[in-house]
S.K.: 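Structure provided below as structure tokens; questions to follow.
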Number of protein chains: 2
Amino acid sequence: MRDNGFIQPLLSPRSVAIVGASDDATKTSSRPLRYLLQAGFEGPVFPINPRRAEINGARAWPSLAALPSVPDHAFILTPTEQALEAAEECARLGIPVATILATGFSEDRDLGPARVEKIRALCASSKLRILGPSSLGAINLHHRTILTANAAFAEPDLPIGGTFVASHSGSMLGGLISRGKARGVGFAGLVSVGNEIDLSLGEICAATLDDPNVTSYMLFLESLRHADDLRRFAIGAAERGKPVAAYKLGRSKVAAELAMSHTGALAGEDDVADAFLSDCGIARVESFETLLEIFPLLKRVAPGATAGRKPRVGVLTTTGGGAAMIVDGLAGRDIEVVTPSAETFTRIQATGVPVQHERIVDLTLAGTRYEIMKASLQAMLEAPEFDMVVAVTGSSARFQPDLAVRPVIDCATSGKPLASFLVPDAPDALRMLAEASVPNFRTPEACVDAIAAAYKRRQPVSFAGVRPPCGRASRHLDELEAYALLANLGIRHAPSVAVAMAQQPTDLPFPFPVAVKALSASIPHKTNVGGVALNVSDATALRGAIDRIAESVSRNCPDVRLDRVLVQPMTAGLGEVLLGYRRDPDAGPIVLLAAGGIYTEIYRDRSIRLAPVDPATARDMISELNISKIFQGYRNRPPGDLEALARTIVALSQLATEEACSVVDAEINPLIIRKAGEGVVAIDALVQLEDKGENNHGAVEGAGER
Amino acid sequence: MRDNGFIQPLLSPRSVAIVGASDDATKTSSRPLRYLLQAGFEGPVFPINPRRAEINGARAWPSLAALPSVPDHAFILTPTEQALEAAEECARLGIPVATILATGFSEDRDLGPARVEKIRALCASSKLRILGPSSLGAINLHHRTILTANAAFAEPDLPIGGTFVASHSGSMLGGLISRGKARGVGFAGLVSVGNEIDLSLGEICAATLDDPNVTSYMLFLESLRHADDLRRFAIGAAERGKPVAAYKLGRSKVAAELAMSHTGALAGEDDVADAFLSDCGIARVESFETLLEIFPLLKRVAPGATAGRKPRVGVLTTTGGGAAMIVDGLAGRDIEVVTPSAETFTRIQATGVPVQHERIVDLTLAGTRYEIMKASLQAMLEAPEFDMVVAVTGSSARFQPDLAVRPVIDCATSGKPLASFLVPDAPDALRMLAEASVPNFRTPEACVDAIAAAYKRRQPVSFAGVRPPCGRASRHLDELEAYALLANLGIRHAPSVAVAMAQQPTDLPFPFPVAVKALSASIPHKTNVGGVALNVSDATALRGAIDRIAESVSRNCPDVRLDRVLVQPMTAGLGEVLLGYRRDPDAGPIVLLAAGGIYTEIYRDRSIRLAPVDPATARDMISELNISKIFQGYRNRPPGDLEALARTIVALSQLATEEACSVVDAEINPLIIRKAGEGVVAIDALVQLEDKGENNHGAVEGAGER
């Protein structure tokens, strides 16, 4: 990342050139000039079009070189090859920022790579910073800079406010701005980041962190790219108390494929991205509309507010059915709806309302009365058993917003978060709530989604100690070497003896039955090549097993010379898990805990965090796994040693910080969970080291080839 | 179920009495009279209030008995005890229908049961039919009958149309009517069914099936009650092509608890209800707003339209990001987004638009042009590879609905379903689409939810052959008796030999190792009492195992005299499943297939259908289970005998129709799946028969006590 100097010419340019501006109003290339003039942009605007003398009343210029002064920002609307030429001219002329609209770079499998390389070389060899390519532009509403080809910005009265939008999809800016307008959200700026070949989404957002006009961030993501930049930005945003919400595509494989064809990004696993966003303190919403409704709530709930336990919500309602939708939804997202304590209930009863002491405080019988609703809400907001309170209002919100919604507004200054869901269609009441910055939701689903997303994000931690990205994996360790590496981290493995193929093993330091495995760094997946024998019961059987493994391996891997096998005692336990560490190409170092055996894939029962993790986080990971139930006294089974498991997770995650370590991937599968007090034991391990060759620390090249 | 005579006095009364009508406009009891008069109800209205001469300009009467004529419908607004008295008077006077507002019946654990009994007795001994108690009333917009205490009906210009609403929650009627109005949905009638002590939701809906004013049904359910009535109605609706959509609470345990406190219903398992609704051809939506948006789509997609395979959807868009939200969502709901065939793509290209041959037909580069969009849509609607087409429109839907939305409307007469999702806030375009009855969605989530719900419902089957509900389970069979019952159905079990405790078993008809299990109808859960020994390797070990079982059982179950054990060979296979049948108290006979062992509970990996099922349905059930992957050649394993499994599911499900059978519950756990061609084998079975005592066929009592 270079300095933030690009942000002023990008978002607050004093002058703008529009390369390829058209005077044909039906063409996309006519829009930026029109919108810029319409918005009342105050500096000079230079349309570049050698075939026109004037466009939309502005003098047109034949080339960038012909301009009377060097513009701050050039928006290049010409087709791919000409756009490249224009960018080169920008660099020559000392223009600090250019935005490229054309496609044909990252998304073009054939001609793209060479073009991408040209852009990179251009930026490396000059002071030019480039937004895109495939960017629909950059908009700064506070600076009257509507520099975009997106038709949505023909909108009169664009809603100005504090939200800054960065999006992989340029067309989505339109949907966000019109929906924001309808829901009382105002925008500071919007950027379509395109391919992010030079300027990344995270870098752009980070450069706006100290802009007082920007108070929150809305991200529309198709994939995780330049994750280090994104993480650095997210940490900065958390430090400044500026909330970040994201909608991310790619839950399905099909969507990942789309992202590829759309922006050339190769999407990684969605649940890695999910863990990344949570660990960055970014609220990932599940439904699109939540993105527009979540900010007032995010401003009241800090990341990690209920770390290590479930959030506890109190619900007050004037309509049973409406509240039940919220309760049902929250329970489905692992949030507790808590019954008021006896003390709280007594305070609510003191309002004189006939109310039952139940999980939901149902004021239906009280009718809609300001004083009762306000006093009840206040009692709940002051009650220690709730992290936040949701008020669900029925038809009165439509007919008598002053009675039904005013008490919510008047209570919202409490230090405890309060959210409002309105059951009827009640636009006036929603407007009143929005104007008062009270979290308010049009649907029960968005209300639930926002609460879940707000509490799911964790306090982001600095990654100062984390080693920079390394080269690609090349070399495997053999199982014994892998155990030695784990042992250095303090991770236990099963007793293991290497036996030469020809040797007749006697004097094993453990009793039969044993497991026998091909021992070679060249055979990482032993089972697939017949390289494993289990439950070998005596010396004769052991000899036979070794011979069979030799035969199998030589048949399946004719190029591998197998010298040794590994012999281990058969190790029993309460069950098994998979514990993994890897330097994810998108998210960076992660640690992963999963159900072992075939269930890893069949049920995708897993928990992921950015590495390294502390013991509390390791315990959270364990509790997130469904399979963990069988280690927690399930059906009268003895409890498993989950503390040892937590220690082992912490230990493996330290690979992220080890100075001398070049581990790209390490997987213990299975890790046997024994009874409480008896520890956990690795009985297989697979470790890959990074390529020590010329691509070492080749982050940029690596990223380009992903 | 009695005859449908109640429906005219319930929904189209010629005259109405309002018992306990108030002239205090702040009181709930003032509303029904006010709304009725305001709506222009044409018949006589009799407010009953002994302390008033006139209310709202209508002459008040001291009692029902004092009325000059017998009204069709009495709405009773008085508190619980007086309401009971009023209902008794209705019965005496020959009033055909009474609606009771008061609570204190099913939801009151102490005083409720006796009151419920009184209502039942009253209805049984007279011609009176009762709606509620705890009903907010019944509304017929075509008949100007706004007979409700729900404040939402103060709404001017109530939206009249073809949708009939039946709801367990009275307050939700308000939310539905205002949101319906905002989204162009019109209502024929709305009923708050309350406790359903007499008139059930299904019974009421069924009675409106031939009303030409009613074209579709919207249900808001808190639980499944009177499921037979509901099923009968659903079959009738499907026969008439009148679609039914339902939002059902109770996905979480907490919500089930709420339903209990709210309406006194004990909610069963939500996934049983889910299977019930699908098998009834009812579209269950996940999000509230979908309920308002789904009908135009349901009218175009018949239940079971893509039975036995995934629905195939084509997506056309003017905005990549917006379409990706739809694709991502559909993939998450198991719906395929299909790439156009080469032929279809050629037809689209013929429009002259620069479009890539990809999964999504992306017209972004074409701009928004009526002819191109229409021709492309038409090509897709005529293409055999799609079951339906979704058109996703960007900002142009907001600014140029005539260009962007008109082609969708003009294509919607195609025989193939076409749905529209608009990315921006575009109320005018939504209105145009709604007026043209084109399925249109405000959010990507509702679009996806509606499509998934429409295709998930199955063609409802008649349950003519299904035996009526039976009494509660009382008696278990022992394992040998259970096997005999299964054998009669054609279900294979492991070879089994009963051995007397004292006997020294010799000459077993199968080799060691064996399993030994306590054999007694009094010990249904053998494992819990130490009644099982596995992998018993020889005769000596067998003797020891029998003695240990004897000791364990006599210690754990001192009252049981254990005479015999069951000995079976250890049976290996590729894996195991649980196969169950039960007469669910809510849904009726169901068949359930689930992952076996501890995974049944930990992952809730299961598939449920109303019994009996045919082979195609059994195959669908298998394919719905995640664990089935391991029987389908997963990781080079041999494939399992899934055809034998399907036959076994069909066989067990026949318990629903067996004339002589009184099975309440039958569970084969585990059922061992062997290699293809080798069949499936039950190695344990648990069967419960119904109580043959006085409660036999005591459906009504049973329901009351659930």
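Convention: sequence-line order gives letters A, B, ...; per-chain numbering from 1. For the numbers below, each heavy atom of this structure counts, side chains included, while hydrogens, waters and symmetry mates do not.
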S.K.: Report the option among T443(A), T26(A), N528(A) that has the most heavy-atom pairs separated by less than 4.5 Å from atoms of chain B.
M.R.: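 Of the options given, most contacts go to T443(A).
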
S.K.: Any salt bridge between K248(A) and D270(A), counting N to O under 4.0 Å?
M.R.: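 Answer for the salt bridge query: yes.
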
S.K.: Can you say whether R333(A) sits under 4.5 Å from chain B via the side chain, the backbone, both, or neither, judging by heavy atoms?
M.R.: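 For R333(A), no heavy atom lies under 4.5 Å from chain B.
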
S.K.: Of all of M325(A), M172(A), Q356(A), which one pairs up most often with chain B through heavy atoms under 4.5 Å apart?
M.R.: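 Heavy-atom pair counts peak at M325(A).
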
S.K.: Which of the residues E289(B), R179(B), E286(B) is involved in the greatest number of heavy-atom pairs with chain A at under 4.5 angstrom?
M.R.: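 Highest number of heavy-atom pairs under 4.5 Å: R179(B).
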
S.K.: Flag the one option from L422(A), D605(A), N150(A), L176(A) with the top tally of heavy-atom pairs under 4.5 Å to chain B.
M.R.: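 So the answer, after comparing L422(A), D605(A), N150(A), L176(A), is D605(A).
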
S.K.: Parallel, tilted or perpendicular, judged at 30° and 60°: which one describes the rings of F288(A) and Y247(A)?
M.R.: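 Perpendicular: the ring planes of F288(A) and Y247(A) meet at over 60°.
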
S.K.: Taking only residues two or more places apart in sequence or in another chain, which ones pass ring pair (Phe, Tyr, Trp, His ring centres under 6.0 Å) with Y634(A)?
M.R.: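 Not a single residue meets the ring pair (Phe, Tyr, Trp, His ring centres under 6.0 Å) criterion with Y634(A).
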
S.K.: Side chain, backbone, both or neither: which part of S178(A) has a heavy atom under 4.5 Å from chain B?
M.R.: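 Interface part for S178(A): both.
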
S.K.: Is R604(B) close to chain A through its backbone or its side chain, or both, or neither, when contacts mean heavy atoms under 4.5 Å?
M.R.: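 Neither part.
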
S.K.: Any chance the rings of Y603(A) and Y603(B) have centres within less than 6.0 Å?
M.R.: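 Ring-ring flag for Y603(A)/Y603(B): true, centres closer than 6.0 Å.
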
S.K.: Could you tell me which of E155(B), K27(B), E336(B), K181(B) has the largest number of non-hydrogen atom pairs under 4.5 Å with chain A?
M.R.: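 Option with the top pair count is E155(B).
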
S.K.: Between R442(A) and chain B, which part of the residue has a heavy atom less than 4.5 Å away: side chain, backbone, both or neither?
M.R.: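 Looking at R442(A), backbone and side chain both touch chain B.
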
S.K.: So, E293(A) side chain and C447(A) main chain: donor-acceptor pair closer than 3.5 Å or not?
M.R.: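 Absent.
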
S.K.: Under the side chain to side chain contact (heavy atoms under 4.5 Å, CB included) rule, what do T319(A) and T393(A) come out as? Steps first, then yes or no, please.
M.R.: CA-CA 6 Å; T319(A) 159; T393(A) 314; over 6 Å; no

S.K.: Show me the side-chain donor-acceptor pairs of residues 626-633 of chain A shorter than 3.5 Å, one per line, residues at least two apart or across chains.
M.R.:
from: S628(A); atom 1: OG; to: I622(A); atom 2: O; distance (Å): 2.5
from: S628(A); atom 1: OG; to: L625(A); atom 2: O; distance (Å): 3.4

